[in-house]
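In what follows, chains carry the letters A, B, and so on, assigned in the order in which the sequence lines appear, proteins first and then strands, with residues in each chain numbered from 1. For the numbers below, each heavy atom of this structure counts, side chains included, while hydrogens, waters and symmetry mates do not.
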There are 2 protein chains.
Amino acid sequence: MKHVAALAGVGVKTVSRVINDEPNVTEATAERVWNAVRELDYQLDLQAGSLRRADGRTRTLGLLVGSVDNPFASAIHRAVEDIASARGVAVFASSMDDDAGRESEAVRAFLQRRVDGLILTTASDHPEYLPLLRERGLPVVYVDREPVEPEVDSVASDNRVGAAVATAHLLAHGHRRIALLTDRLDLITARERRQGYLDALAEAGVPVAEELIVTGLRDAEGAQAALARLLISDSPPTAVFSAQNLITIGAVHALRAAGLSRSTALVGFDDVALADLMDPGVTVVAQDPQRMGTLAAERLFALLGDDDDAPTKTVVPVALIPRGSGEIAPQPTS
Amino acid sequence: MKHVAALAGVGVKTVSRVINDEPNVTEATAERVWNAVRELDYQLDLQAGSLRRADGRTRTLGLLVGSVDNPFASAIHRAVEDIASARGVAVFASSMDDDAGRESEAVRAFLQRRVDGLILTTASDHPEYLPLLRERGLPVVYVDREPVEPEVDSVASDNRVGAAVATAHLLAHGHRRIALLTDRLDLITARERRQGYLDALAEAGVPVAEELIVTGLRDAEGAQAALARLLISDSPPTAVFSAQNLITIGAVHALRAAGLSRSTALVGFDDVALADLMDPGVTVVAQDPQRMGTLAAERLFALLGDDDDAPTKTVVPVALIPRGSGEIAPQPTS
DNA sequence: GTGAAAGCGCTAACAA
DNA sequence: TTGTTAGCGCTTTCAC
C-alpha cells in the first residue's frame, strides 16, 4: 500500500479510502490511485486490515459439517457459500465425522483465524466450546443438528414429524413389522427420528418390536450388514425405515443382495441421488439442504448485522416422495 | 496475549514462545503461562502472527472447484482437507461453476486473504491471474483441469486414455454408432475425452458420425434433452458414451424415459453414486477423486516446503467398471 | 479533501 | 532463560 501511495503521489490513507470506496476523495485522485494499483498488481491485505478495523471483521466464516463429501452436507455448503460470497465473505469448511473431539478442534481452528461467525453441525448435546463462543459474543447458527442447550439459533429439518410421516406411510400400506435403521442415539437427529417412528407406531396402535430397531449405524456398510442380519432372522421385517442417507444406501444394497427389493418395503429419510432411477424407485422423506444452508447463512448475517432478537429455531419442512419402494404391500409370510 | 503475560507475570515474548512451542523456556514458566491461557480462555490470533512472521504464512489454503456440491469435487475437497488439517492448515473452498470470470474473482479473494497456496480447477486455458501468481511466487497445483500453459503443477485423470477405453469397450461389444455426450469444448477435459473417443474410433476403423457428437452440455437436464433428441432421430445411436458425471445421470434418465435402457448401451466417464444398483448397472470409467485430492495437496505442501523441482504433471489412472449397461450388444435395427 | 501518527496482536531481532 | 523494542499492513483518529 505504501508503494501504491508513493507511485500515485498520495498518502496511504488516501489509498485506503479509494480501495475501500470511502467518501471524500476526488475523482481525479481516485483515478491516479487505481492506476497505481493496476500498475503494481496490488491486492489489499484483508487480514491486516481486520486487525485494526473498528468492527474487527475478517470477512470470513467457519462452516462445520459431518463431512464435506456427504451430499447432504455439500448441498448446505454450496448454499452457504452462495450467500457468503455475495457479501464478500469467504468460507472455511471443515468436516468432523460426527466426532465431538474433532468438532472442538475445528471450532478452535476457526477461532484462531478470527472468523466473524460460525455455522455448525454438532455431534454433541452440550458442546464444550459453547461458553467460550458466548463469552466472545461470536455469532453461531447451528444447522441440521443443534445442541440441547437453550438459547441457540438453529435451522433444522422437521426430523420427528418426517420420521413419523415415513413410518405412517408404511403403516398405511399395511405393514406392522417395520424395521428402524438409524444413527448413534447420541446424535439428536437420530433420537428425533426414532421418536417420530415410535410416535407413528403408537398412533397406529402397533406394538414396538425392539428386535427390529437397530441404532448406532455409522455408514452404508454397517447399515447393509445390519439389515442383512435382520432379513435372515426368524421374523424379518416386512418394511424398513432407514433414517439417514448413507443408511438408506446400505439398506438398498442389503435388500438387493437378499433379492427382497421388490417384496420388502423401504422408506428413507433424506433424499439420495438417482433414487428415482432405482428399480423400484426409493421412496424417501426428502430434506431441503439447499434451503437449510441458505436460511442458516441468512440468519448468521442477520446476527452479524444489528439483529438483537432472541435466538430463532427454524424448522424446515420435509416432503414424502413416493417412488415405489415405500408402496410395496406386506408379503404373506411363507 | 498481553493479558496472559500479565497474569502469568512474564513478558509477551515468553507467552509467544510457550504457545508456539519454541525452545528456551523453563518447564515452570511454561506451566504458569498455560495456566493463564486456560484461565483467560485465550486463543492465539494466527492472522496477526502471520503479519510479522518471517515466512508470512497464514496456515491457510484456497481450493477452487466447479462446485463444492458436485460429488467428484467434494471427494477432492475432503481429501485436501484431510491432508491440510493434519498440518494445521485451514481450507477456503469456493465454487466457480466453470466460469472463468468467477474463477478469477475467487482467486483474487484468496489472494486478499493471503493464502499460502492454491489448489485450483480451471475453466480457462490461459487463466488471466496466472502471471500474478507467478510474480508473487504463490504455489499453485491444478487439479482435474489444468491450463494449457507450460510449467504448471497438476494432478489430473488420464482423460484421453479413459475415454478411449470406454469407447473401445463399446466397440468391442459390436457397436458402430456410438454417441458422444460431452461438456463445453473450451474445457480441456472435454477436449481430451473427445479426443480419446476419436482415437478409439480411428483405431477400430469406424468413421466418425458427427451427428452423434453433442458438445457444450452443462448439466443433467441438458444432457437428458440432447440424448432424447438423438434417440428419436432417423438413425439413433446403439450406444452412448457420456463424458461426465452429471451428463451420465441425464443420459440414464433419457434412456429410461425412452424405454431403451436395456437395449442401448451406456458407458459413463466418472463414477456415479448407486450406479451399481441401477438396472442395468451403469458401466463407468471411474476416476479416483480422493486420490487426486490427496496427491494435489501433497504436492502443494511439497512446494511449500523446500521443493524446487520443475513442475510435475501427475496423471491418475482411471478404471473401467463393467456393470451391465456397457455390455449391451447392438440391437438389430427394426 | 488529504495526510501524519498511533496502534491492532503478534513475532523477529537483539539486549539483558 | 527472559524481556524490550520495532514493525508487519492496515485503519483509526485527528489535524490540516
statement: Result for salt bridge (Lys or Arg N to Asp or Glu O under 4.0 Å) between B:R191 and one of B:D125, B:D183, B:D186 points to B:D125

Calculate the interatomic distance between [X] atom [atom1] and [N] atom [atom2]; express it in whole Å.
| X | N | atom1 | atom2 | value |
| --- | --- | --- | --- | --- |
| A:E22 | C:dG1 | CD | P | 13 Å |
| B:R52 | C:dG7 | CZ | P | 18 Å |
| A:R57 | C:dC8 | CZ | C1' | 16 Å |
| B:L51 | C:dA12 | CG | P | 12 Å |
| A:Q112 | C:dC10 | CD | C1' | 13 Å |
| B:D45 | C:dC8 | CG | P | 13 Å |
| A:N24 | C:dG3 | CG | P | 13 Å |
| B:R53 | C:dC10 | CZ | P | 11 Å |

Close approaches to DNA chain C from residues 5-20 of chain B, in residue order (heavy atom, under 4.0 Å): B:K13, B:S16, B:N20

message: Quick check on the helix from C:dG1-D:dC16 to C:dA16-D:dT1: what's the angle between its two end axes, five base pairs per end, to the nearest 10°?
response: 30°

query: Does anything in residues 34-46 of chain B pair up under salt bridge (charged side-chain N to carboxylate O under 4.0 Å, His left out), and if so which pairs, sequence neighbours excluded?
result: A:R114-B:D45

query: Pairs in or reaching into residues 60-69 of chain B: which pass salt bridge (charged side-chain N to carboxylate O under 4.0 Å, His left out), with residues at least two apart or in two chains?
result: none

message: Over all strands shown, is A:L44 touching base, sugar-phosphate only, or nothing at heavy-atom distances under 4.0 angstrom?
response: sugar-phosphate

message: Taking any heavy-atom pair under 4.0 Å as a contact, classify A:T29: base, sugar-phosphate, or nothing.
response: sugar-phosphate

- request: Sorted by first residue and then second, give each side chain to side chain donor-acceptor pair (under 3.5 Å) pair with at least one member in residues 48-63 of chain B; sequence neighbours left out.
  value: B:T58-B:D116

message: Run the side-chain hydrogen bond (donor to acceptor under 3.5 Å, both in side chains) test against B:E81 and tell me which residues pass, sequence neighbours left out.
response: A:S95

field: Any residue meeting side-chain hydrogen bond (donor to acceptor under 3.5 Å, both in side chains) with A:R102, in chain and number order, not counting sequence neighbours
entry: A:D97

- prompt: Of B:G49 and B:T26, whose closest DNA chain D nucleotide lies nearer the 5' terminus?
  reply: B:T26

- request: Could you list the residues that satisfy side-chain contact (heavy atoms from CB on, under 4.5 Å) with A:D309, not counting sequence neighbours?
  value: A:R299, A:D307

field: Opening and closing nucleotides of DNA chain D in contact with chain B, under 4.0 Å to non-hydrogen atoms
entry: D:dT1 to D:dG9

message: Per the ring pair (Phe, Tyr, Trp, His ring centres under 6.0 Å) rule, what does the pair list look like for residues 45-78 of chain A, sequence neighbours excluded?
response: A:H77-B:H77

- prompt: Partners of B:E149 by salt bridge (charged side-chain N to carboxylate O under 4.0 Å, His left out), sequence neighbours excluded?
  reply: none

Qualifying residues under salt bridge (charged side-chain N to carboxylate O under 4.0 Å, His left out), relative to A:R17, sequence neighbours excluded: none

message: With a 4.5 Å cut-off on side-chain heavy atoms, are A:Q287 and A:V316 touching?
response: no

